[in-house]
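What follows is a set of notes on a single structure, which appears directly below.
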Amino acid sequence: MPDKLINQISQDLRRLYTKAGEAAQRENPDYAITLFCQILEKEPGFFDCRRALRIEQAKKAAGQSSGFFKRAFSGVGSSPQIAKAKMALSKNPGEAMAIAEQVLNTDPNNTMAHRVIVDAATALEFPRTAVMSLEVMVRNSPKDKALVVEFADLAAQTGGEASASAERALDELVRASGFDSDLAQAQKNLSARKTMDEGGYHAAAGGQGSFRDMLKDKAEAVSLEQQNRVQKSEDTGARLIKEYEDRLVSEPDNVKMIRSLAELYTQKKDFDRALEMYARIKNSSHGSADSSLDRVIADTTLKKMDAEHAQLNPFAPDHADQLAKLQAQKAEFKLAECKQRVEKYPTDLGIRFELGQLYFEAGKITEAIAEFQKSQQNPNKRLASMSYLAQCFAKRGMNDSAVRTLQNAIKEKPGFDDEKKDLIYNLGSVLEKMGKKAEAIEQFLQIYETDANYRDVGAKIDAHYASQ
């Protein structure tokens, strides 16, 4: 059953909805929330009512104190209700939604409560309701790739403003993290579904047809479109390779074309030809001092190694030994190649940060500290360098230095995104290691109050209060 429109609910509930709206206009959010919740207990699919409830929940929260301990203990106090809602999900999704709304009445951004709403709405086939909560969850955790993709997939099926919001979320994540095949695919899916005939959706939204049927039809259409795109992409790639190879005879110094040809070879997994083209550029006057070219050569070499890994016979008796050998070779290559780039471009602090990461992964902590101390002078790598420095200090047993470094990084980090959560979590972990349990739990509570599902903070908080 799809989300319901106002003309699909009873006259009594319509009158109650009007009364709730009047309370909201009189700036009486408590009374409006009570009435909206009463309506939704009887008609959980009444989307306009739930959207109005969200607005009043936000108004109420904005007018309340938002002190640290108030928010922290509010989050802890909601745990029993969340547990109760989760237990009700499988047997009575409508009841689970009602319990989750009680949490949202005091904490409208509670991620766990919104997850209950999403799961219950999905079970009841209320797609717009699910999307509304997913949008809040993505706003809370914009760097959670799996969550953003989930939001984009469902938003594409419901259409409207949600699609535009999902596009923005995907674009921002791509800008922040760089190219990612899952995000790229989600963008393609969203674009493809937006261009489809919306008849199936409108039928479902109007009360005709099934939401599951809509999903099935759209999924099949998307699959067919993707297959056609892949075929067209392969045909275009082959045509361009032939064109560039022919032009290479008469334009042997066309660096831009040679680089494009190398990228096409890489896409075709013809890594030797790709490396041959990159070497051609590197040996020319154009590539002798191009750090980006050195990096792409290294990346292509790593892709070649990964392809070799994939060719191993998993059933061979010495498969584990072969795999371990290739992985060791890959790690050795990455470290040696990065060191060469640092020697060639000693003032490039981004490369020094990369070298520090490789030293850290290899367990060479002293060497890693030296690189991160230099790379923290790069504004774009400063906080990440400080985070790694603190981890290095902690591994050396220099816990006081780790604490100071993390505290300084946290002071410099505005907002409360995943990077700040990581800094706070690491600080809590070091304090915990030092036996400073009360100070550690304060750090974990900061994360718990906005994202109880982050790493194992939920378990840490539950264990702390259970022991009291």
Side-chain angles (χ1 to χ4, degrees), residues 1-4 33-34 36-58 60-61 71-142 144 146-155 157-158 162 165-166 169 211-212 215 447-462 465:
M1 50 182 164
D3 297 284
K4 287 191 175 182
I33 286 171
T34 299
F36 285 138
C37 285
Q38 289 178 7
I39 297 168
L40 290 170
E41 285 181 10
K42 295 181 179 179
E43 288 288 358
F46 186 10
F47 176 74
D48 287 340
C49 182
R50 199 171 298 276
R51 181 167 56 185
L53 173 60
R54 289 285 176 273
I55 294 172
E56 296 310 303
Q57 289 168 336
K60 181 180 177 181
R71 297 196 307 271
F73 285 100
S74 172
V76 173
S78 69
S79 295
Q81 289 175 288
I82 295 296
K84 184 179 178 181
K86 289 181 177 179
M87 290 177 63
L89 261 175
S90 59
K91 294 183 178 179
N92 191 337
E95 180 185 353
M97 294 179 80
I99 297 171
E101 288 296 357
Q102 295 306 313
V103 176
L104 295 176
N105 286 342
T106 56
D107 184 6
N109 289 311
N110 189 293
T111 296
M112 292 186 292
H114 278 293
R115 171 47 67 185
V116 170
I117 296 288
V118 171
D119 293 343
T122 301
L124 294 171
E125 300 184 38
F126 298 152
R128 296 173 71 198
T129 298
V131 163
M132 185 164 58
S133 278
L134 280 171
E135 187 168 7
V136 175
M137 293 170 71
V138 167
R139 192 162 58 242
N140 291 342
S141 301
D144 187 329
L147 185 62
V148 172
V149 171
E150 179 184 6
F151 173 46
D153 284 345
L154 192 54
Q157 294 150 12
T158 59
S165 179
F211 179 52
R212 287 195 177 93
L215 293 181
I447 302 172
Y448 186 90
E449 67 184 15
T450 59
D451 186 358
N453 292 322
Y454 187 81
R455 297 196 190 183
D456 60 346
V457 293
K460 288 180 180 293
I461 296 300
D462 290 343
Y465 285 100

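Residues take their numbers from the sequence shown, with the count starting at 1.
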Which atom names give the shortest non-hydrogen contact between [X] and [Y], and what distance separates them?
{"X": "Pro93", "Y": "Ala123", "value": "CG-CB, 4.1 Å"}
{"X": "Ala130", "Y": "Thr122", "value": "CB-OG1, 4.2 Å"}
{"X": "Val148", "Y": "Pro142", "value": "CG2-O, 3.7 Å"}
{"X": "Ala113", "Y": "Ala100", "value": "O-CB, 3.7 Å"}
{"X": "Ala96", "Y": "Ala85", "value": "CB-O, 3.3 Å"}

Starting at [atom1] of [X], measure out to [atom2] of [Y] and round the result to the nearest 0.5 Å.
{"X": "Arg139", "Y": "Leu147", "atom1": "CZ", "atom2": "CG", "value": "11.5 Å"}
{"X": "Met112", "Y": "Asp107", "atom1": "CE", "atom2": "CG", "value": "8.5 Å"}
{"X": "Glu95", "Y": "Lys84", "atom1": "CD", "atom2": "NZ", "value": "6.5 Å"}
{"X": "Asn453", "Y": "Tyr448", "atom1": "CG", "atom2": "OH", "value": "9.0 Å"}
{"X": "Arg51", "Y": "Arg128", "atom1": "CZ", "atom2": "CZ", "value": "6.0 Å"}

Report yes if the side chains of [X] and [Y] come closer than 4.5 Å at any heavy-atom pair, otherwise no.
{"X": "Asp3", "Y": "Glu125", "answer": "no"}
{"X": "Leu134", "Y": "Leu154", "answer": "yes"}
{"X": "Glu101", "Y": "Leu104", "answer": "yes"}
{"X": "Lys4", "Y": "Cys49", "answer": "no"}
{"X": "Phe36", "Y": "Glu56", "answer": "yes"}
{"X": "Ser141", "Y": "Tyr454", "answer": "no"}
{"X": "Leu40", "Y": "Met97", "answer": "no"}
{"X": "Met137", "Y": "Asn109", "answer": "no"}

Practice item. Decide yes or no on side-chain contact (heavy atoms from CB on, under 4.5 Å) for Met132 and Ile117, but give the supporting numbers first. Key: CA-CA 9 Å; Met132 185 164 58; Ile117 296 288; over 6 Å; no
Exercise for review: Please name the residue in the list His114, Arg115, Arg50 that meets the side chain to side chain donor-acceptor pair (under 3.5 Å) test with Ser133.
Suggested key: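 Single pass found, and it is His114.
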Exercise for review: Assess whether side-chain contact (heavy atoms from CB on, under 4.5 Å) is satisfied between Asn105 and Thr34, documenting all intermediate values.
Suggested key: CA-CA 9 Å; Asn105 286 342; Thr34 299; over 6 Å; no
Exercise for review: Could you walk me through whether Asn140 and Thr450 pass the side-chain contact (heavy atoms from CB on, under 4.5 Å) test, one step at a time?
Suggested key: CA-CA 7 Å; Asn140 291 342; Thr450 59; over 6 Å; no
Review point. Without hydrogens or angle criteria, can the side chains of Asp451 and Thr111 be said to hold a donor-acceptor pair below 3.5 Å?
Key: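 Note: Asp451 and Thr111 side chains miss the donor-acceptor criterion.
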Practice item. Could you walk me through whether Val116 and Ile99 pass the side-chain contact (heavy atoms from CB on, under 4.5 Å) test, one step at a time? Key: CA-CA 9 Å; Val116 170; Ile99 297 171; over 6 Å; no
